[in-house]
Amino acid sequence: DAKTTQPPSMDCAEGRAANLPCNHSTISGNEYVYWYRQIHSQGPQYIIHGLKNNETNEMASLIITEDRKSSTLILPHATLRDTAVYYCIVRVTQGGSEKLVFGKGMKLTVNP
Amino acid sequence: DVKVTQSSRYLVKRTGEKVFLECVQDMDHENMFWYRQDPGLGLRLIYFSYDVKMKEKGDIPEGYSVSREKKERFSLILESASTNQTSMYLCASSLRVGNQPQHFGDGTRLSIL
């Protein structure tokens, strides 16, 4: 089972910041939070990941709360091409091996 | 950029056929993974491999096998295809050291008739 919960959908206006929330209240101290997105009929695309510090790259920023029970992915200037299903994932180590457990994700629609 | 290439975007096979899905990555990644994606069920891990000739079962290995003879190539095999194996199949790869992200191919949409 996924260790994260996200709202099923969100709308955002083109050019505005999109703030995508994620709850992971059972996260363990050494588990990272990953964000991926999937545009229809393509494979998931890696966006960003972090442990406890805020992270930024050319695609997005990741804000993780101090207690690490939730995080927010920020797309600073959303475009129509950012319309996709976004997955917040906690990477699980199980029996010495790692795996990504994808939940249902959140559909972001960027409107003109 | 990391490139994960799956041999076919669309494939149609018949029940009982032996089906091979091929995946190649060009970044010298140690880890490779096979997932399937179905509506309402999300992505589910079938098999993964940490090194050449090594393989580990994921959550739903039944009806599948894998082969990793070379580091860059990871094959998924449906020994005797069945209609419930109609799905989108996704391959991914990652570096083994540290917490490195998995990078995915564009998937193979497989239909078993």
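The sequence lines fix the lettering, A, B, ..., with proteins before strands; numbering per chain opens at 1. Only a predicted model underlies this, so the values are computations on that prediction, with no experimental measurement involved.
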Is there a path of hydrophobic side-chain contacts, each under 4.5 Å between heavy atoms of I, L, V, M, F, W or Y residues, that connects Ile39(A) with Tyr87(A)? no
With rounding to the nearest 0.5 angstrom, report the NE2 to OH distance, His103(B) to Tyr36(A). 6.5 Å
Do you reckon Leu73(A) sits in the same ILVMFWY cluster as Met59(A), going by side-chain contacts under 4.5 Å, direct or chained? yes
Linking I/L/V/M/F/W/Y whenever their side-chain heavy atoms sit closer than 4.5 Å, directly or via other members, would Leu110(B) and Leu90(B) fall into one cluster? no
What's the spacing between Leu100(A) CG and Phe33(B) CZ if we round to 0.5 Å? 7.0 Å
Could you measure the distance from the CG atom of Leu41(B) to the CZ atom of Phe102(A)? Nearest 0.5 Å is fine. 14.5 Å
Arg109(B) side chain to Ser41(A) main-chain N or O, any donor-acceptor pair under 3.5 Å? no
Assess whether atom CZ of Arg16(A) is packed by more than 12 heavy atoms of other residues, nucleotides or ligands within 6.0 Å. no
How long is the span from the CE atom in Met88(B) to the CD atom in Gln42(A), to the nearest 0.5 Å? 9.5 Å
In Å and rounded to the nearest 0.5 Å, what is the CG to CD1 distance from Leu43(B) to Ile89(A)? 8.0 Å
Would you say Leu45(B) ends up clustered with Leu76(B) if hydrophobic residues are merged whenever their side chains have heavy atoms under 4.5 Å apart, either directly or through other cluster members? no
Which portion of Gln6(B) sits near chain A, non-hydrogen atoms under 4.5 angstrom: neither
Turns out that what part of Gln45(A) lies under 4.5 Å from chain B's heavy atoms comes down to neither
Any Tyr46(A) side-chain heavy atom under 4.5 Å of Phe104(B) side chain: no
Yes or no on side chain to side chain contact (heavy atoms under 4.5 Å, CB included) for Gln100(B) and His49(A), after CA distance, side-chain angles and deciding distance? CA-CA 9 Å; Gln100(B) 298 298 315; His49(A) 72 286; 5.7 Å; no
Say whether Val19(B) and Tyr35(B) are linked into one hydrophobic cluster, either directly or through other cluster members, by side-chain heavy-atom distances under 4.5 angstrom. no
Pick one of side chain, backbone, both or neither for Arg44(B), based on which atoms fall under 4.5 Å of a heavy atom in chain A. neither
